[in-house]
Amino acid sequence: MKIKDVKDTIINADSIDIMNQLEEKSVDVIFADPPYNMQLGDTLLRPDNTVVNGVDEEWDSFESLAAYDEYTKKWLSAAKRVLKDDGCLWVIGSYHNIFRVGYILQNLGFWILNDVIWNKTNPMPNFKGTRFTNAHETLIWAIKNPKAKYTFNYEAMKALNDETQMRSIWELPICTGKERLKNEDGEKLHPTQKPEALLYRILLASTKPGDVVLDPFFGTGTTGAVAKKLGRHYVGIERDPSYVEGARERLNNISPIEGTAIEFTCKKKMPRVPFGAVLEHGMLQPGDILTDAKGKHSAVIRSDGSIKSDCAEGSIHQVGAAEQNAAACNGWEYWYYKNGRKLVCIDELRRQIRTEMYGAE
Ligand SMILES: C[S@@+](CC[C@H](N)C(=O)[O-])C[C@H]1O[C@@H](n2cnc3c(N)ncnc32)[C@H](O)[C@@H]1O
C-alpha cells in the first residue's frame, strides 16, 4: 500500500495488518497510544457511591501478560518496518504497561532518546486511599538506531517554554470539557482520549510541516486533529467503527493553520568561519597565546591557523579536546586571548567576522 494513497485518512482495521501492508520506511513519526492492559478488577466507586468510569473495554483486555507482550512485539516490529530510518517513535503508557513496552522496544533495536513524564494537573484521585494518586503517564521517545538524524525542534520547544530549555516533565491537564468527544447519550465516547495539548507539544517538537504522522491506535483521532491543525499529514488506524466515526467528524471540523502561522523558531544556520580568518583579519597574530577560561592550559598560534600546546598540535578544536582529555571540543568556545588585562573568548572574534562579512548577528 502506497503511503500517498492513505495520507490524511483513517483506516478502520487492525493496525498490525495495515502497518505490515504499508510501504516500508514511509512515515516520519509514529505516535502510539496502545492498550494499557489495565486489568481492572472490581467496580470502583467514588465516596458518593457513583461508579468510576474506568477502562474496561474489550480492546484493553489480554488473557495474560505473555499475550500482551506478544501483541506488543508484533505491533512494534510492524511500526519499525514502516518508519523511515531518520524517523522517530513515541509511545505513551502507564505503570501497567510502559516498562514492558520499553523492554520490548529496546530488544527490537530501538534507541531511547527520552522518557517524558506527563504530570497530570487534574488527575483522578485515589478514591479508596489505598495508594498514591496515580498522577502521571510516561512517554518513550525513540529512534531506529543511535545514528538516526531525527527531527528535534529544540529552539521551538524553548520558545514554547518562555525561552527556557524544555524539560522532560510536562505539566498538562487531562482531556476535559468541550474537547472531550461524547456519544448520543452525552457520555464519553472514548475512555482514554488524550488531550490535544500533549500531541501539540509532541508534534511541534519532532515533526516538520508536511511530515507524515502515523497513529496505529487512533481512538478519537487526537493525533490527526493536531497534525492537521499544524499542517502535518496523518494516517490513523483504528479497529472500532464508533471511534472511527467520531474521529472523522472531529477531523472534518479542523482547518489547518497556514502561512506565517505555521512557521516556528529554528536555529539560524550561521556561515562557517575557519580560525585562520582571525589571522587574515589581523585580529590575532601568529605567535599570540591562547588559554582556556581559567588560564590553566595554553597554546601558541601558528601561521596557518593551527595551534600548538605542550601536549598536542592541530586545530583549535583538536588541541582543546586533547588538553581536556575529551573526545571533542568546540575550540571557539574553549579558547581565550588576552585583551589588555581581560581574557576574551575567541568566539567574540568569530562573531565580529560574521557581522563584517555576512551581516549576520
Ligand atoms: C488507548 S486508546 C487510544 C486513544 C487515542 N489516543 C485518543 O486520543 O483518542 C487505544 C485505541 O486502540 C484501538 N486498538 C486496539 N488494538 C488495536 C488494533 N490492533 N488495531 C487498531 N486499533 C486498535 C482501540 O480500539 C482504542 O481506541
Side-chain angles (χ1 to χ4, degrees), residues 1 6 9-22 29-40 53-63 67-79 82 89-98 100-101 104 116 118 120 134 137-140 172-183 187-203 213-229 234-251 253-254:
M1 208 187 297
V6 291
T9 60
I10 306 172
I11 306 165
N12 186 191
D14 180 88
S15 57
I16 301 173
D17 280 357
I18 298 295
M19 283 195 282
N20 283 334
Q21 292 173 53
L22 280 175
V29 174
I30 296 177
F31 173 81
D33 180 10
Y36 287 19
N37 192 24
M38 282 191 181
Q39 304 164 300
L40 291 183
N53 235 341
V55 185
D56 53 6
E57 274 69 8
E58 174 270 323
W59 56 258
D60 200 57
S61 311
F62 290 79
E63 108 199 347
Y68 185 77
D69 291 351
E70 191 54 33
Y71 168 82
T72 302
K73 198 169 163 192
K74 278 195 185 141
W75 79 255
L76 275 172
S77 306
V82 86
L89 166 82
W90 291 86
V91 190
I92 186 166
S94 62
Y95 68 87
H96 307 88
N97 68 329
I98 201 67
R100 314 188 79 80
V101 171
I104 294 167
V116 171
W118 167 26
K120 300 176 182 176
N134 183 27
E137 291 190 28
T138 303
L139 291 133
I140 296 177
L172 298 167
I174 60 170
C175 179
T176 53
K178 273 201 275 180
E179 200 181 309
R180 191 105 212 184
L181 266 56
K182 301 270 166 54
N183 61 20
E187 293 157 347
K188 288 181 199 166
L189 175 65
H190 197 290
T192 68
Q193 181 179 339
K194 294 296 173 294
E196 290 192 12
L198 184 70
L199 270 300
Y200 192 95
R201 197 171 290 187
I202 289 171
L203 297 187
V213 183
L214 168 72
D215 184 335
F217 306 101
F218 207 54
T220 59
T222 312
T223 307
V226 178
K228 185 171 177 189
K229 203 176 284 175
Y234 64 87
V235 178
I237 315 173
E238 170 57 55
R239 218 164 36 183
D240 185 317
S242 66
Y243 300 154
V244 170
E245 200 188 319
R248 285 207 174 115
E249 201 182 318
R250 178 182 190 181
L251 282 152
N253 288 323
I254 287 175

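Each ligand, and each atom within it, is numbered from 1 in the order the structure gives.
No part of Cys175 comes within 4.0 Å of ligand 1, judged by heavy-atom distances. At a 4.0 Å heavy-atom cut-off, ligand 1 touches Glu238 through backbone and side chain alike. Residue-level proximity to ligand 1 for Phe217 is carried by backbone and side chain together, each with a heavy atom below 4.0 angstrom.
Across all non-hydrogen atoms, the minimal contact from Ser15 to Pro216 is CB-O, 3.1 Å. Heavy atoms only, all atoms of each residue included: Pro34 and Val91 are closest at CD-CG1, 3.8 Å.
Counting the atoms of ligand 1 from 1 in the order shown, those under 4.0 Å from a heavy atom of Pro216 are 21 (C), 22 (N). Near Ala13, with a cut-off below 4.0 Å to any heavy atom, the atoms of ligand 1 are 20 (N), 21 (C). Interface of Thr220 with ligand 1, defined as ligand atoms under 4.0 Å from a residue heavy atom, comprises 7 (C), 8 (O), 9 (O). Each of the atoms 2 (S), 4 (C), 26 (C), 27 (O) of ligand 1 lies under 4.0 Å from some heavy atom of His190. Close contacts between ligand 1 and Thr222 involve ligand atoms 7 (C), 8 (O), 9 (O) [criterion: under 4.0 Å to a heavy atom]. Of all atoms in ligand 1, numbered sequentially from 1 with element shown, those under 4.0 Å from a heavy atom of Thr192 are 1 (C), 2 (S), 4 (C). For ligand 1, the atoms sitting less than 4.0 Å from at least one non-hydrogen atom of Lys194 are 6 (N), 7 (C), 8 (O), numbered in the order shown with element in parentheses.
The protein atom (non-hydrogen) at minimum distance from atom 22 (N) of ligand 1 is Arg239 N, 3.2 Å. Given atom 16 (N) of ligand 1, the protein heavy atom at minimum distance is Tyr71 OH, 2.9 Å. The protein heavy atom nearest to atom 18 (C) of ligand 1 is Ser15 OG, 3.6 Å. Atom 10 (C) of ligand 1 has as its closest protein heavy atom Asp33 O, 3.3 Å.
For Phe218, the heavy-atom gap to ligand 1 drops under 4.0 angstrom. Every heavy atom of Phe31 sits 4.0 Å or more from the atoms of ligand 1. Within the 4.0 Å heavy-atom cutoff, Ala247 does not count among the residues contacting ligand 1. Residue Asp14 places a heavy atom less than 4.0 Å from ligand 1.
Below 3.5 Å of separation, one finds no N or O of Asp215 facing any N or O of ligand 1. For Tyr243, no nitrogen or oxygen atom sits less than 3.5 Å from a nitrogen or oxygen atom of ligand 1, counting backbone and side chain alike. Checked against a 3.5 angstrom limit, the closest N/O atoms of Gln193 and ligand 1 fall outside it. Below 3.5 Å of separation, one finds no N or O of Asp240 facing any N or O of ligand 1.
Side chains of Thr220 and Arg250: a donor-acceptor N/O pair is present below 3.5 angstrom, by distance only. A side-chain donor from one of Tyr36 and Glu137 sits under 3.5 Å from a side-chain acceptor of the other.
Judged by distance alone, the side chain of Asn37 and the main-chain N or O of His96 form no donor-acceptor pair under 3.5 Å. Not one N or O on the side chain of Asn97 forms a donor-acceptor pair closer than 3.5 Å with the backbone of Gly93. Although no hydrogens or angles enter the test, the distance criterion places a donor-acceptor pair under 3.5 Å between the side chain of Arg248 and the main chain of Ile10. Using modelled atom types, one side-chain atom of Asn253 and one backbone atom of Glu249 make a donor-acceptor pair closer than 3.5 Å. Here the side chain of Tyr68 pairs a donor or acceptor atom with the backbone of Pro35 at under 3.5 angstrom. With Asp69 contributing its side chain and Arg100 its backbone, the two residues share no donor-acceptor pair below 3.5 Å.
For the pair Lys73 and Trp75, the NZ or CZ position fails the cation-pi test of under 6.0 Å to the six-membered ring centre and within 45 degrees of the ring normal.
When ring centroids are compared, Tyr71 and Phe62 come within the 6.0 Å threshold.
No salt bridge links Glu187 with Arg180; every basic N to acidic carboxylate O contact stays at or beyond 4.0 Å.
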